[in-house]
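Reading through the structure tokens given below for one structure.
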Amino acid sequence: MGRPQNVEMADDAEYTMFTDYLEEEGRLSYATKKSYKTSYRKLRDILQKPIADTAQDTTAKAIMASTDNINSAQALINIAVIIREKIKKMPIDELVEQRTTNKAEVTEALKQANLYTVLPSLEELDNFIETLWKQSKYRDYIVNYLIRHHYVRNQDLMFDIVETKRETLEDPEKNYLWLDRKKQVVHYIRNNYKTAKTYGQKVTKIDNERFLRAVKVCNRQMYCFPLTTEPDKIGYHVSKLTLNQIGEGKMLKAVINHYRDDISRLKEISQSRGTNLEVLLTSYNINYDH
């Protein structure tokens with residue numbers, strides 16, 4: 001039996017238009033849609049009436065007074081912007097101004113948080129992955145290898161292992177590891193990832209012998225993948241498999257910290273991950289200070 005659905009706003013006209021908009025967007029992940037819906041309900045609780053019926057300045061002031069967490073405030077402002085701009089075709093200039101003002105504080109908060117982030121060295125990450133291989137922990141090895149060498153997000157790690165190209169075409173919303181036995185290569189196919197709408201499908205050929213062996217074993221064992229069928233739980237499952245349970249975000253920061261002076265490698269990471277280089281530098285580089 002699935003989880004009970006939230007019916008608190010089931011008959012609300014604005015909420016219905018909002019959820020319809022999220023579904024029509026198509027490329028939004030399950031986790032993102034869930035987060036947006038939660039933020040919408042929070043904002044409605046703050047305003048006590050439909051968002052479109054509230055003046056921009058009133059909305060902005062109410063949001064800023066409701067929380068000391070600047071990231072939470074930004075999330076709520078984004079919801080108000082979606083309702084007014086995308087759904088109701090109303091002005092958003094005052095909300096955008098508040099959001100822009102907040103960005104400086106967000107950047108400073110991130111900078112301060114990064115100052116106190118203790119990350120493993122790249123050597124420690126590589127030694128951990130080597131240990132996983134020696135201990136025949138093939139599922140863990142695959143996950144950490146993909147984060148370490150292909151810089152992927154949690155969502156990218158929700159995939160099925162298949163043995164034919166035909167199977168990779170059955171569902172264009174899923175990710176796959178296609179075990180191509182004829183060519184002895186794994187095709188890592190990403191259809192569903194955070195920035196897919198911007199960068200499109202990503203296909204990577206991986207011919208690393210160890211990785212190929214690990215995929216073959218996991219394909220036989222069958223229980224290894226997918227890691228979970230619940231998209232909102234993928235971060236938890238991935239973190240459990242990483243060094244000291246640091247998760248993919250800190251693993252990426254460790255990689256970027258190591259290559260912070262190598263612009264060609266940073267561009268490679270940006271392209272592989274599907275992340276704008278500026279975002280990569282400001283959000284994941286713990287030494288960024290601009």
Side-chain angles (χ1 to χ4, degrees), residues 2-110 113 153-156 158 173 192-199 230-236 249 274-276 278-279 282-284:
R3 295 181 179 179
Q5 297 296 309
N6 188 314
V7 296
E8 179 184 351
M9 306 188 74
D11 298 322
D12 184 271
E14 186 179 84
Y15 183 67
T16 298
M17 287 188 286
F18 177 65
T19 55
D20 287 347
Y21 167 80
L22 296 183
E23 294 305 321
E24 289 166 5
E25 276 295 279
R27 287 290 185 173
L28 293 177
S29 70
Y30 173 88
T32 298
K33 287 187 284 189
K34 182 179 179 181
S35 175
Y36 279 9
K37 291 174 185 177
T38 299
S39 293
Y40 178 91
R41 289 192 289 269
K42 286 181 180 177
L43 184 52
R44 280 292 295 269
D45 187 55
I46 292 169
L47 300 177
Q48 291 295 301
K49 62 179 178 179
I51 296 167
D53 292 347
T54 309
Q56 288 190 73
D57 62 336
T58 301
T59 300
K61 289 176 182 177
I63 289 172
M64 298 311 296
S66 71
T67 178
D68 292 328
N69 186 311
I70 196 66
N71 289 303
S72 296
Q74 292 292 75
L76 296 175
I77 290 174
N78 287 338
I79 297 301
V81 167
I82 290 174
I83 293 294
R84 295 180 65 91
E85 179 183 34
K86 303 296 185 181
I87 298 175
K88 294 292 187 175
K89 311 303 180 185
M90 299 169 67
I92 58 168
D93 54 307
E94 294 179 52
L95 287 167
V96 170
E97 183 179 356
Q98 182 65 62
R99 185 169 64 181
T100 301
T101 299
N102 291 350
K103 281 183 179 179
E105 189 173 339
V106 171
T107 300
E108 181 61 25
L110 179 62
R153 301 177 180 85
N154 290 324
Q155 186 180 346
D156 305 44
M158 289 194 68
E173 299 299 318
N192 188 357
Y193 64 100
K194 185 176 181 180
T195 54
K197 192 171 183 179
T198 300
Y199 296 97
E230 298 180 84
D232 57 331
K233 299 292 185 183
I234 186 62
Y236 166 76
T275 300
N276 179 279
E278 182 180 355
V279 172
T282 56
S283 297
Y284 292 95

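For NZ of Lys37, the number of neighbouring non-hydrogen atoms (other residues, nucleotides, ligands) closer than 6.0 Å is greater than 12. Within 6.0 Å of CG on Asp68 lie no more than 12 heavy atoms contributed by other residues, nucleotides or ligands. For CD of Glu97, the number of neighbouring non-hydrogen atoms (other residues, nucleotides, ligands) closer than 6.0 Å is 12 at most. Within a 6.0 Å sphere centred on CZ of Phe18, other residues, nucleotides and ligands contribute more than 12 heavy atoms.
In this structure a side-chain-to-backbone donor-acceptor pair under 3.5 Å is missing from Glu85 to Ile82. The closest donor-acceptor contact from the side chain of Ser39 to the backbone of Tyr36 lies at 3.5 Å or more, if one exists at all. Panel note: side chain Ser35, backbone Ala31; no donor-acceptor pair is recorded below 3.5 Å. Between the side chain of Asp45 and the backbone N or O of Arg41 there is no donor-acceptor pair closer than 3.5 Å. Using a distance-only test at 3.5 Å, with no hydrogens or angles considered, a donor-acceptor pair links the side chain of Lys89 to the main chain of Lys86. Glu94 contributes no side-chain N or O that, together with a main-chain N or O of Gln56, makes up a donor-acceptor pair within less than 3.5 Å.
Counting heavy atoms from C-beta on, the side chains of Leu76 and Ser66 come closer than 4.5 Å.
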Inset, instruction - Check step by step if side-chain contact (heavy atoms from CB on, under 4.5 Å) holds for Leu95 and Arg84. - result: CA-CA 10 Å; Leu95 287 167; Arg84 295 180 65 91; 3.5 Å; yes
Inset, instruction - Apply the test side-chain contact (heavy atoms from CB on, under 4.5 Å) to residues Leu47 and Thr59: give CA-CA distance (whole Å), side-chain angles for both, the deciding distance (0.1 Å), then the verdict. - result: CA-CA 7 Å; Leu47 300 177; Thr59 300; 4.2 Å; yes
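Note: Thr54 OG1 to Leu43 CG = 7.5 Å, rounded to the nearest 0.5 Å. Asp156 CG to Asn154 CG: the interatomic distance, rounded to the nearest 0.5 Å, is 8.5 Å. Once rounded to the nearest 0.5 Å, the distance linking CZ of Arg153 with CD1 of Ile234 reads 14.0 Å. For the atom pair Tyr21 OH and Leu28 CG, the distance stands at 7.0 Å (nearest 0.5 Å). Taking CE from Met17 and CD1 from Ile87, the interatomic distance works out to 6.5 Å, rounded to the nearest 0.5 Å. Atom CD1 of residue Ile92 and atom CZ of residue Arg99 lie 6.5 Å apart, to the nearest 0.5 angstrom.
Counting only residues at least two apart or in different chains, salt bridge (Lys or Arg N to Asp or Glu O under 4.0 Å) contacts with residues 14-23 comprise Glu14-Arg44, Glu23-Lys33.
The two residues Met90 and Ala52 make their nearest non-hydrogen contact at CE-O, 3.5 Å. Nearest approach of Gly274 to Tyr199, heavy atoms of both residues: O-CE1, 3.2 Å. The shortest non-hydrogen separation linking Ala73 to Ile63 is O-CG2, 3.7 Å.
Between Gln98 and the options Asn102, Thr101, Thr100, a side chain to side chain donor-acceptor pair (under 3.5 Å) holds for only Asn102.
Note on ring orientation: taking the six-membered ring where Trp is involved, the planes of Tyr15 and Tyr40 are tilted (angle from 30° to 60°).
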